[in-house]
There are 2 protein chains.
Amino acid sequence: MPPRRTPRSLAKAPLVRDPVRPRGTARARVLAFVREQLAAGAPPTVREVQRALGFKAVESARQHLEALVAEGKLAKEPGRSRGYRLPMGGTPLPQVRLVPQLGRVQAGGLREAIEDPDGWLAVEGLQCDEELFALTVRGESMTGAGILPGDVVVVRRQDTARDGEIVVALVRDEATVKRLRLRDGQVVLQPENPAFAPLVFAPAVSGPDTEIRILGRVVEVRRRLA
Amino acid sequence: MPPRRTPRSLAKAPLVRDPVRPRGTARARVLAFVREQLAAGAPPTVREVQRALGFKAVESARQHLEALVAEGKLAKEPGRSRGYRLPMGGTPLPQVRLVPQLGRVQAGGLREAIEDPDGWLAVEGLQCDEELFALTVRGESMTGAGILPGDVVVVRRQDTARDGEIVVALVRDEATVKRLRLRDGQVVLQPENPAFAPLVFAPAVSGPDTEIRILGRVVEVRRRLA
DNA sequence: GATTTAAGCAGACAAATGACTGTTTTGTCA
DNA sequence: TGACAAAACAGTCATTTGTCTGCTTAAATC
């Protein structure tokens with residue numbers, strides 16, 4: 001809705017469009033067009049469907065859309081503009097959240113790395129106020145916990161953690177994944193691989209000034225196979 | 001904390017130092033919300049941003065959105081409702097796809113189970129024409145491959161697989177995850193745990209009539225930690 | 001030929017949505 | 001403190017957008 005300042009020529013500007021090409025029934029072409037628009041970033045309005053299909057009346061497009069909803073080939077979010085979606089069989093849609101995926105984390109540069117991520121990861125079912133990021137695991141020190149090199153870990157940003165939790169810690173300017181152990185006033189980063197030795201630190205409380213700094217807790221592990 | 005970028009009034013930028021804001025600035029949270037909505041299927045309206053961020057005025061949300069466009073972190077299609085997109089130069093959003101998550105797979109009931117899933121999983125970067133589903137792993141037979149009980153595997157539906165791939169196979173009315181080995185005309189389902197024995201089958205080609213039937217190939221492994 | 005049915009058309013209206021103007025609050029710094 | 005700017009707020013309006021009602025046309029059906 002570009003009010004006063006926006007020229008109308010821009011307002012009517014193109015969609016992902018194809019000229020008139022009667023392929024399939026009108027209804028099938030409506031469905032195909034909605035799918036294209038959804039893939040292109042946003043579902044279309046009824047009038048965009050009308051123009052794309054060459055209808056002379058808005059209602060023609062709307063009838064096709066409603067018919068597709070009745071057939072179960074489309075879903076609709078009532079009361080919203082551009083409310084047509086792909087049907088999900090009645091089960092509720094997961095709450096998807098995008099999490100920045102970081103390449104390399106340097107000392108102190110966590111915040112900068114989050115600001116300029118290498119990519120984005122879709123994660124579900126997590127609190128909206130949690131600060132999350134994702135890292136790719138290097139090394140085989142956690143294979144015993146089912147975390148292999150190349151796996152992606154989703155990390156909840158926090159400065160402290162409890163005994164037994166798997167954390168991402170910054171040790172000597174390098175981020176590593178280990179299991180945290182708190183014993184006798186010591187902080188131990190415990191690998192889950194007999195070939196690796198635990199890292200033991202003195203202070204029981206981590207902070208910006210200590211040798212070790214906890215960046216966060218691992219809340220999810222992902223692995224892509226080929 | 002490092003100095004923030006200067007988003008506003010670039011002409012006067014040198015004189016005015018940017019104030020240090022609390023962790024999740026409002027503008028950053030607006031950007032995150034738009035990204036999430038785009039991943040969920042459609043960009044939000046200005047008023048949806050307003051409600052999500054808790055603004056009491058629509059204009060507050062709109063100013064943030066326009067500022068993000070000026071910063072180049074968002075793009076806008078003028079003249080359209082829900083016209084905010086990601087800029088072409090930025091990091092691309094993952095193409096999120098929803099995959100049905102199945103509870104228990106009975107013999108022959110895969111198609112029915114897919115039709116009526118227990119839930120949906122957001123998966124990215126996969127071909128749109130692939131038929132995918134998700135399963136929860138039972139048993140410890142694949143711990144050596146980093147697949148633990150309770151993990152969720154994303155499976156690409158296919159009847160055959162190649163040697164060495166991790167597959168989901170239907171054996172005696174039960175779906176199991178194993179590594180596939182094809183040797184000397186035999187089909188071997190190889191566990192990755194010394195405590196388990198491989199399952200050996202005669203025919204090199206699986207089908208509806210044989211003892212074993214391959215349901216698909218594991219393409220992703222996920223594990224949630226508390 | 002009359003009836004029915006489906007598809008499309010035309011126009012109108014109300015709600016949703018984007019945008020504008022002006023005011024108030026809030027935080028920073030001289 | 002007071003000046004200043006950014007941010008947030010409140011209210012209003014224009015455009016878009018969904019939806020409704022009634023009408024026309026064409027094909028199928030009896």
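Owing to the predicted nature of the structure, the values given are computational and were not obtained by experimental measurement. What's counted below: heavy atoms across the whole structure, side chains too, no hydrogens, waters or symmetry copies. To find a chain, count down the sequence lines: A is the first, B the second, and so on, and within it residues start at 1.
Counting non-hydrogen atoms under 4.0 angstrom, B:R62 reaches a base of the nucleic acid. The residue A:T45 sits close only to the backbone: its heavy atoms come under 4.0 Å of sugar-phosphate atoms, none of a base.
The two atoms that bring A:R179 and A:A145 nearest to each other are NH2-CB, 4.1 Å, heavy atoms only. Across all their heavy atoms, A:P43 and A:E48 have their closest contact at O-OE1, 4.5 Å. Scanning both residues, A:R222 and B:E220, for their nearest heavy atoms gives CD-OE2, 3.7 Å. The shortest heavy-atom contact between B:P87 and B:L74 is CD-CA, 3.7 Å. Closest approach of A:A57 to A:Q50, counting heavy atoms only: O-CG, 3.6 Å.
Summarising the geometry, the separation between CD on A:E48 and P on D:dT17 is reported as 6 Å, rounded to the nearest angstrom. Rounded to an integer number of Å, the gap from CG of A:L65 to P of D:dT17 is 14 Å. What separates OH of B:Y84 from C1' of C:dG18 is a distance of 8 Å, to the nearest Å. Summarising the geometry, the separation between NE2 on A:H64 and C1' on C:dA6 is reported as 10 Å, rounded to the nearest angstrom. The distance between atom CG of B:L68 and atom P of D:dA7, rounded to the nearest whole Å, is 11 Å. Rounded to a whole Å, the CD atom of B:E59 is 17 Å from the P atom of C:dT24. Counting to the nearest Å, the P atom of D:dG18 and the CZ atom of A:F55 are 15 Å from each other. Taking atom NZ of residue A:K76 and atom P of nucleotide D:dT17, one finds them 15 Å apart after rounding to whole Å.
Not one side-chain nitrogen or oxygen of A:K56 sits closer than 4.0 Å to the OP1 or OP2 atom of C:dA7. Considering only side-chain N and O atoms, B:S81 lies nowhere under 4.0 angstrom from the phosphate OP1 or OP2 of C:dG18. A close approach under 4.0 Å does occur between a side-chain nitrogen or oxygen of B:S60 and OP1 or OP2 of D:dC9. Close to D:dT17, at under 4.0 Å from its OP1 or OP2, lies a side-chain N or O of A:R82.
When the nearest nucleotides of DNA chain D are assigned to A:R47 and A:Q63 by heavy-atom distance, the more 5′-ward of the two goes with A:R47.
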